[in-house]
Amino acid sequence: SMDFERSKADPCLYFAWTINGLVLWVSWIDDCLVLGSKVGVLIAKAQMMDRFDCDEVGNMDEYVGCKLERNWEEGWVRFLQPVLLQSYHDEFDFPDEKNPTTPAEPGQILLPCKEKDGMPAEEQGIYRSGVGKLLHMMRWSRPDILNAVRELSKNMKVASEAHMKAMQRTMMYCLATPKRGLLLKPNGKWDGDPNYEFEIRGRSDANYATDTATRRSVSGNSVFLEGAPVATKCHGQKMVTLSAAGSELAAGTSCAQEMLYVMRVMESLGLKVKRPMILEMDSKAAVDLANNWSVGGRTRHVEVKQYFLRELKEENIILSVWIPGDSNSCDLMTKNLPRPPFEKHTKVYCGDDEYYRKQ
């Protein structure tokens, strides 16, 4: 009745093109968020409050446990979680050591623990509670701890003292950098023109056969909308790949799927996306596999993923390109890095802050 349409890409997203520009509604169970120009928002809000008994809570300064910091002039939003950080102080004990500058020991890979070597049940519960809190922080505000927390979460069934020590280090790093968080700062400012072409870029990386227990690789990918990171992901691959190129191809395919989702959300609103979207990988072999039509015996086992990326290229939707490894920020999501490359890549997602200069 308010003349809003539902997005075909996201059933909780509604939109309307009005004389005041694009107005959006996002529903989250019984919470609703309205976005747009000030006049458009006020009109849409009045329409909603005419139909339902609503509590108006003003600007969205909090979101799923996050505090939102804004700079209207510079056009950015930062996600922080001070309440969750305070719970680290209140509920956990930490060794009397210097604050770490990275969330995990560089190059560290946590090995699984046998049940007989695990910690007592009470400490197991503390470990699981801590990792659960870190998972929430990783998901919503701290992409810089993605790989460290992924490693910790693999040992929820049985954890050892080494796992507990690694968890404490990650928490101590977060406590030492309380004002660091996911930064959404687009490259430009949209003027409301429906013919404007938004730029979506993707970036992926893989760490080949890094899990010594299963020999599965780790994938990391990011999707950027107008330069702002709108999707980040770090996960163990679902299958054992037989080469570094195969693992990179799997990571690139996963990133392409995320890029397609972001594109479909934008286009479902009647907005335009610049094509082809660019997918950046630091493996020349994976880029070559995605861009040509030859198949050999050593790559036949991954040809479905090859064909997926090749068809996206043929349809001018996604083009895979090579970038140097030291320029690939997704390196942050596939391995525990030393401080210099860690800080370089963290700036891509969290921006420049006081901690780089202080350390």
Side-chain angles (χ1 to χ4, degrees), residues 1-28 31-49 56 58-61 63 68-79 182-203 221-232 255-280 312-321 329 348-351:
S1 66
M2 291 166 57
D3 294 326
F4 278 75
E5 295 181 54
R6 172 179 280 176
S7 162
K8 293 182 179 178
D10 189 329
C12 296
L13 175 61
Y14 304 81
F15 69 98
W17 286 91
T18 72
I19 58 173
N20 299 301
L22 179 63
V23 181
L24 305 176
W25 279 100
V26 183
S27 63
W28 184 294
D31 293 324
C32 291
L33 168 67
V34 59
L35 306 98
S37 66
K38 185 173 182 178
V39 175
V41 164
L42 292 174
I43 293 173
K45 183 182 72 173
Q47 291 176 320
M48 180 69 77
M49 297 183 80
E56 183 189 349
N59 283 332
M60 189 176 70
D61 298 321
Y63 176 71
L68 271 60
E69 285 189 351
R70 288 188 183 85
N71 186 310
W72 298 100
E73 293 182 0
E74 296 181 11
W76 56 257
V77 177
R78 189 188 300 276
F79 290 70
L182 175 65
L183 179 71
L184 301 183
K185 186 178 181 180
N187 293 329
K189 186 175 182 180
W190 181 46
D191 61 1
D193 182 1
N195 293 313
Y196 179 86
E197 289 189 331
F198 288 86
E199 183 181 62
I200 297 173
R201 299 181 74 91
R203 192 174 290 165
N221 62 64
S222 308
V223 181
F224 300 87
L225 175 61
E226 291 292 302
V230 294
T232 55
C255 185
Q257 291 174 293
E258 294 284 338
M259 293 168 69
L260 289 172
Y261 170 71
V262 176
M263 180 192 77
R264 286 169 183 148
V265 169
M266 299 296 288
E267 292 183 342
S268 73
L269 301 175
L271 299 169
K272 294 185 178 181
V273 174
K274 184 179 179 180
R275 298 193 185 186
M277 299 182 289
I278 303 299
L279 168 58
E280 300 173 333
L312 291 173
K313 178 195 172 186
E314 291 294 309
E315 295 173 11
N316 200 41
I317 297 175
I318 292 179
L319 176 64
S320 301
V321 302
S329 59
V348 175
Y349 303 97
C350 300

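Below, all heavy atoms of this structure are taken into account, side chains as well, without hydrogens, waters or symmetry copies. Remember, it's a predicted structure, so these values are computed and weren't measured experimentally.
Using a 4.5 Å heavy-atom threshold, the side chains of L35 and V23 count as separate. Counting heavy atoms from C-beta on, the side chains of L22 and L24 come closer than 4.5 Å. Looking at I318 and P276, their side chains never come closer than 4.5 Å, going by heavy atoms from C-beta outward. For the pair F79/L184, a side-chain contact is recorded, criterion being any heavy-atom separation below 4.5 Å from C-beta on. Annotation: side chain of R201 is not in contact with side chain of M277 (no heavy-atom distance under 4.5 Å). K274 has its side chain out of reach of I200: every pair of non-hydrogen atoms, C-beta onward, lies at least 4.5 Å apart. For the pair W25 and L33, the minimum side-chain heavy-atom distance is 4.5 Å or more. With contacts defined as side-chain heavy-atom distances shorter than 4.5 Å, the pair S329/Y349 qualifies.
Surrounding CG of D191 are more than 12 heavy atoms belonging to other residues, nucleotides or ligands, all under 6.0 Å away.
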>> Walk me through whether V41 and K38 qualify under side chain to side chain contact (heavy atoms under 4.5 Å, CB included).
In response: CA-CA 5 Å; V41 164; K38 185 173 182 178; 5.9 Å; no

>> Using side chain to side chain contact (heavy atoms under 4.5 Å, CB included), reason through L68 and M60 one step at a time and then give a plain yes or no.
In response: CA-CA 8 Å; L68 271 60; M60 189 176 70; 3.6 Å; yes

> Hey, mind stepping through E267 and R275 against salt bridge (Lys or Arg N to Asp or Glu O under 4.0 Å) and telling me if it holds?
Replying inline: CA-CA 12 Å; E267 292 183 342; R275 298 193 185 186; 2.8 Å; yes

> Could you walk me through whether V77 and E69 pass the side chain to side chain contact (heavy atoms under 4.5 Å, CB included) check?
Replying inline: CA-CA 6 Å; V77 177; E69 285 189 351; over 6 Å; no

>> Under the criterion side chain to side chain contact (heavy atoms under 4.5 Å, CB included), I'd like the reasoning laid out for L319 against L279: C-alpha separation, chi angles, the key distance, then a yes or no.
In response: CA-CA 6 Å; L319 176 64; L279 168 58; over 6 Å; no

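In terms of modelled atom types and a separation under 3.5 Å, the side chain of S37 and the main chain of N20 share a donor-acceptor contact.
Taking both residues in full, the closest heavy atoms of W17 and P194 are given as CH2-CB, 3.8 Å, listed atom of the first, atom of the second, then distance. Taking both residues in full, the closest heavy atoms of Q47 and F4 are given as OE1-CE1, 4.1 Å, listed atom of the first, atom of the second, then distance. P229 and L182 get closest at one heavy-atom pair: CG-CD1, 3.9 Å.
Atoms CG and OG1, on D3 and T18 in that order, are 11.0 Å from each other to the nearest 0.5 Å. Considering CG of N71 and CZ of R78, their distance stands at 10.0 Å, rounded to 0.5 Å. In this structure, CD in E226 is found 6.5 Å from CD in E199, a value given to the nearest 0.5 Å. Note that the CZ atom of R6 and the OG atom of S268 stand 12.0 Å from one another [nearest 0.5 Å]. Put simply, CD1 on I278 and CZ on F224 are 14.0 Å apart, with the number rounded to the nearest 0.5 Å. Going from atom CD of E280 over to atom OG of S222 covers 10.0 Å, rounded to the nearest 0.5 Å.
Aromatic ring centroids of W190 and F198 lie under 6.0 Å apart.
No side-chain N or O of S7 forms a donor-acceptor pair with one of Y14 less than 3.5 Å apart.
With sequence neighbours excluded, no residue satisfies side chain to side chain donor-acceptor pair (under 3.5 Å) with N187.
Ionic pairing of K272 and E197 is not present here: no N-O contact between side-chain nitrogen and carboxylate oxygen is shorter than 4.0 angstrom. Under 4.0 Å is where a charged nitrogen must lie from a carboxylate oxygen, and between K313 and E315 no such pair does.
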Acceptor/donor pairs from residues 255-264 side chains to any protein atom, 3.5 angstrom cut, sequence neighbours excluded:
unit_1 : atom_1 : unit_2 : atom_2 : d
Y261   : OH     : D10    : OD2    : 3.4

